[in-house]
Protein chains: 4
Amino acid sequence: MNKVILVGRIVRDPELRSTNTGKSVATFSLAVDRRFKQEGQPEADFFNIVAWGRQAEVICQYLGKGRQIALTGRLQSRSYDAQDGSKRYVTEVVLEEFDFIGSKNDSPAPADGLNSLDLGDDFSLMADDDEPPF
Amino acid sequence: MNKVILVGRIVRDPELRSTNTGKSVATFSLAVDRRFKQEGQPEADFFNIVAWGRQAEVICQYLGKGRQIALTGRLQSRSYDAQDGSKRYVTEVVLEEFDFIGSKNDSPAPADGLNSLDLGDDFSLMADDDEPPF
Amino acid sequence: MNKVILVGRIVRDPELRSTNTGKSVATFSLAVDRRFKQEGQPEADFFNIVAWGRQAEVICQYLGKGRQIALTGRLQSRSYDAQDGSKRYVTEVVLEEFDFIGSKNDSPAPADGLNSLDLGDDFSLMADDDEPPF
Amino acid sequence: MNKVILVGRIVRDPELRSTNTGKSVATFSLAVDRRFKQEGQPEADFFNIVAWGRQAEVICQYLGKGRQIALTGRLQSRSYDAQDGSKRYVTEVVLEEFDFIGSKNDSPAPADGLNSLDLGDDFSLMADDDEPPF
DNA sequence: TTTT
DNA sequence: TTTT
């Protein structure tokens with residue numbers, strides 16, 4: 001069991017790339033307000049979100065900077081080799097579902113009243129995330 | 001909204017430390033099996049879990065290596081300065097609740113049939129996690 | 001492990017009552033949009049939410065009809081005796097935490113920029129919900 | 001956003017039926033231990049779980065009474081007409097994913113080391129749940 | 001820098 | 001290496 005649920009705002013426009021086997025990957029950063037603001041502590045947490053396949057493409061089409069969304073996903077740990085040769089560890093969220101939140105018109109809305117997108121998980125694509133998306 | 005739910009096994013005995021203001025912090029690593037094992041991909045994800053206050057102490061008392069638990073928490077991003085002067089970013093799970101899972105006798109069981117522990121969140125302690133727990 | 005996460009709109013102003021031992025209980029109904037609208041199917045699910053203690057009071061003060069919120073809680077099953085003598089079963093959500101969602105000004109906002117309320121769970125109050133809140 | 005996460009035990013062997021359009025539906029009841037046992041209160045909550053399509057079939061094949069599982073799903077409200085002509089409301093969990101929990105050998109294990117099953121959501125089937133599964 |  |  002591995003489930004993450006977040007409500008937050010997209011920090012910058014998502015970026016679309018593709019792996020060397022031709023799969024789409026979208027990455028973006030999500031700012032999630034902390035429930036208890038504390039002196040000298042950040043007001044939000046920032047998480048890296050990764051989406052794959054057709055969902056990646058839809059995200060880049062519909063989700064822009066500042067957009068508020070609710071999402072579910074799974075937490076993923078990954079390591080990569082830093083430029084200095086050391087191993088680096090990263091924890092990110094692999095997107096499963098997302099919903100638009102807030103006033104529908106405070107952001108470019110998707111076509112036809114769509115307010116929820118889930119393009120299926122297409123797990124076959126996931127073997128080849130051979131490069132660190134962040 | 002920021003919620004994480006994980007079911008996994010504790011990788012090594014949790015470590016108990018305390019901040020310079022005297023608060024207890026426990027840290028441990030949790031191995032969470034992936035739902036879809038894939039060739040050439042790790043079988044599990046590994047996450048760093050942080051617990052505070054009295055909950056930290058209870059965890060170190062009752063939870064050991066190999067123990068299977070279900071937990072809820074919140075995802076937290078944190079930065080710290082690496083030895084080489086660069087900024088490093090870490091994403092970890094701050095523990096909220098946990099339950100013992102699996103056969104009650106496959107591990108040192110807590111006293112009196114306890115199978116769920118939630119010592120309250122004691123959010124006042126959280127301001128001073130000035131050192132990276134990992 | 002028992003966790004529910006919902007984002008939806010409050011259907012009617014919450015109602016405040018108190019148990020015969022003097023504990024506050026707030027109940028309200030939450031409309032949650034379905035992700036996949038289907039011909040001839042309802043567009044939303046409607047759930048009964050119960051809040052206890054001080055949280056109940058805060059909710060009745062700050063949350064009104066139409067307000068969009070994100071909440072976490074636990075699912076609870078309960079039985080009661082119907083007027084015809086038969087046993088009736090009810091499944092409801094016991095509120096744990098909630099956040100205000102959407103434009104802060106589309107609804108009477110709480111004092112001082114508050115955007116998240118969690119008054120503690122006060123589990124001691126829970127023994128005496130001897131009457132069906134719904 | 002509508003997500004439920006439960007860890008519990010299956011109360012009776014799941015039942016397989018099919019709708020009048022030929023879709024498979026499995027229903028079962030899940031007992032979820034309460035975190036805080038209280039005098040005079042039930043020790044567990046009992047929830048009705050519904051699974052559709054191929055997932056329904058797999059469940060009836062692999063999951064029996066007493067099996068401990070972790071699941072995610074969505075909460076659903078539904079109404080039906082009781083025999084006495086009155087409208088009855090039901091809240092149940094529509095299964096999305098599940099994992100086997102606990103010792104792998106305390107129950108008939110699925111073939112080939114499978115420890116997680118997710119047959120896809122097959123949302124097209126969902127329009128015709130025209131009869132109350134419970 | 002890994003548990004079963 | 002941040003959104004409102």
Side-chain angles (χ1 to χ4, degrees), chain A residues 1-2 6-15 27-34 37 42-49 63-71 77-82 86-92 101-103 106-107 133-134, chain B residues 1-2 6-15 27-34 37 42-49 63-71 77-82 86-92 101-103 106-107 133-134, chain C residues 99-106 109 113 115-116, chain D residues 99-106 109 113 115-116:
Chain A
M1 179 61 40
N2 178 335
L6 299 172
V7 175
R9 308 197 97 96
I10 295 177
V11 172
R12 272 183 311 281
D13 286 346
E15 285 170 38
T27 54
F28 60 94
S29 176
L30 191 77
V32 177
D33 280 356
R34 295 193 167 178
K37 316 290 169 75
E43 299 218 323
D45 291 288
F46 295 85
F47 305 117
N48 289 330
I49 318 290
L63 294 187
K65 173 179 172 174
R67 198 63 169 94
Q68 194 180 15
I69 59 170
L71 67 83
S77 59
R78 197 168 41 77
S79 69
Y80 64 94
D81 299 309
S86 67
K87 229 179 180 55
R88 230 50 142 252
Y89 298 89
V90 161
T91 300
E92 60 212 3
I101 284 282
S103 32
D106 68 357
S107 180
F134 293 101
Chain B
M1 180 60 40
N2 178 336
L6 300 173
V7 174
R9 308 195 97 96
I10 296 178
V11 173
R12 274 183 310 280
D13 287 345
E15 285 171 38
T27 54
F28 60 95
S29 177
L30 192 77
V32 177
D33 280 357
R34 295 194 167 176
K37 315 291 170 73
E43 297 219 324
D45 292 289
F46 294 84
F47 305 118
N48 291 328
I49 318 290
L63 294 187
K65 174 180 171 173
R67 197 67 169 90
Q68 194 180 16
I69 61 170
L71 66 82
S77 60
R78 198 167 41 76
S79 69
Y80 64 94
D81 299 309
S86 68
K87 230 178 180 58
R88 225 64 134 243
Y89 298 89
V90 162
T91 300
E92 61 213 1
I101 285 280
S103 33
D106 68 357
S107 178
F134 293 100
Chain C
D99 294 336
F100 298 100
I101 284 282
S103 33
K104 293 305 187 308
N105 43 12
D106 68 356
N115 77 338
S116 192
Chain D
D99 295 336
F100 298 100
I101 285 282
S103 32
K104 293 306 188 307
N105 43 12
D106 67 357
N115 78 339
S116 190

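Residue numbers begin at 1 in each chain, while the letters A, B, ... track the order of the sequences. Note that the structure is predicted; figures quoted are calculated from it, not measured.
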Q.
Closest approach to the side chain of Y89(B), judged atom by atom: which nucleotide of dT2(E), dT4(E), dT1(F) is it?
A. dT1(F)

Q. Can you check whether A44(A)'s main-chain N or O pairs, donor with acceptor, with D33(A)'s side chain at less than 3.5 Å?
A. no

Q) Is any NZ, NE, NH1 or NH2 atom of the basic residue among R34(A) and E43(A) found under 4.0 Å from an Asp or Glu carboxylate oxygen of the other? A) no

**Q.** Rounded interatomic separation in angstrom, taking CG from N48(A) and P from dT2(F)
**A.** 13 Å

**Q.** D33(A) CG - dT3(F) P separation (whole Å)
**A.** 12 Å

Q. Hey, does the side chain of D81(A) reach the backbone of K87(A) with a donor-acceptor pair shorter than 3.5 angstrom?
A. no

Q: Let me know the distance between CG of D99(D) and C1' of dT3(E), rounded to the nearest Å.
A: 16 Å

Q. Do K65(B) and V11(B) have side-chain heavy atoms sitting under 4.5 Å apart?
A. no

Q. Rounded to whole angstroms, how far apart are CZ on R9(A) and P on dT2(F)?
A. 18 Å

Q) In whole Å, what is the span from the CD1 atom of I49(B) to the C1' atom of dT2(E)? A) 13 Å

**Q.** Whole-Å distance separating the CD1 atom of I69(A) from the P atom of dT3(F)
**A.** 16 Å

Q: Measure from the side chain of F46(B), starting at C-beta and using heavy atoms only, and say which of dT2(E), dT3(F), dT4(E) lies closest.
A: dT2(E)

Q: For the side chain of K65(A), starting at C-beta, report the closest nucleotide among dT3(F), dT4(E), dT2(E).
A: dT3(F)

Q: Check every atom of dT4(E), dT2(F), dT1(F) against the side chain of S29(A) and return the nucleotide holding the closest atom.
A: dT2(F)

Q. Tell me: CZ of R67(A) to C1' of dT4(F), nearest whole Å?
A. 13 Å

(Q) Using whole Å, what does the distance between atom C1' of nucleotide dT2(E) and atom CG of L6(B) come to? (A) 16 Å

Q | Given dT3(F), dT2(F), dT3(E), the nucleotide with the shortest approach to the side chain of R12(A) | A | dT2(F)

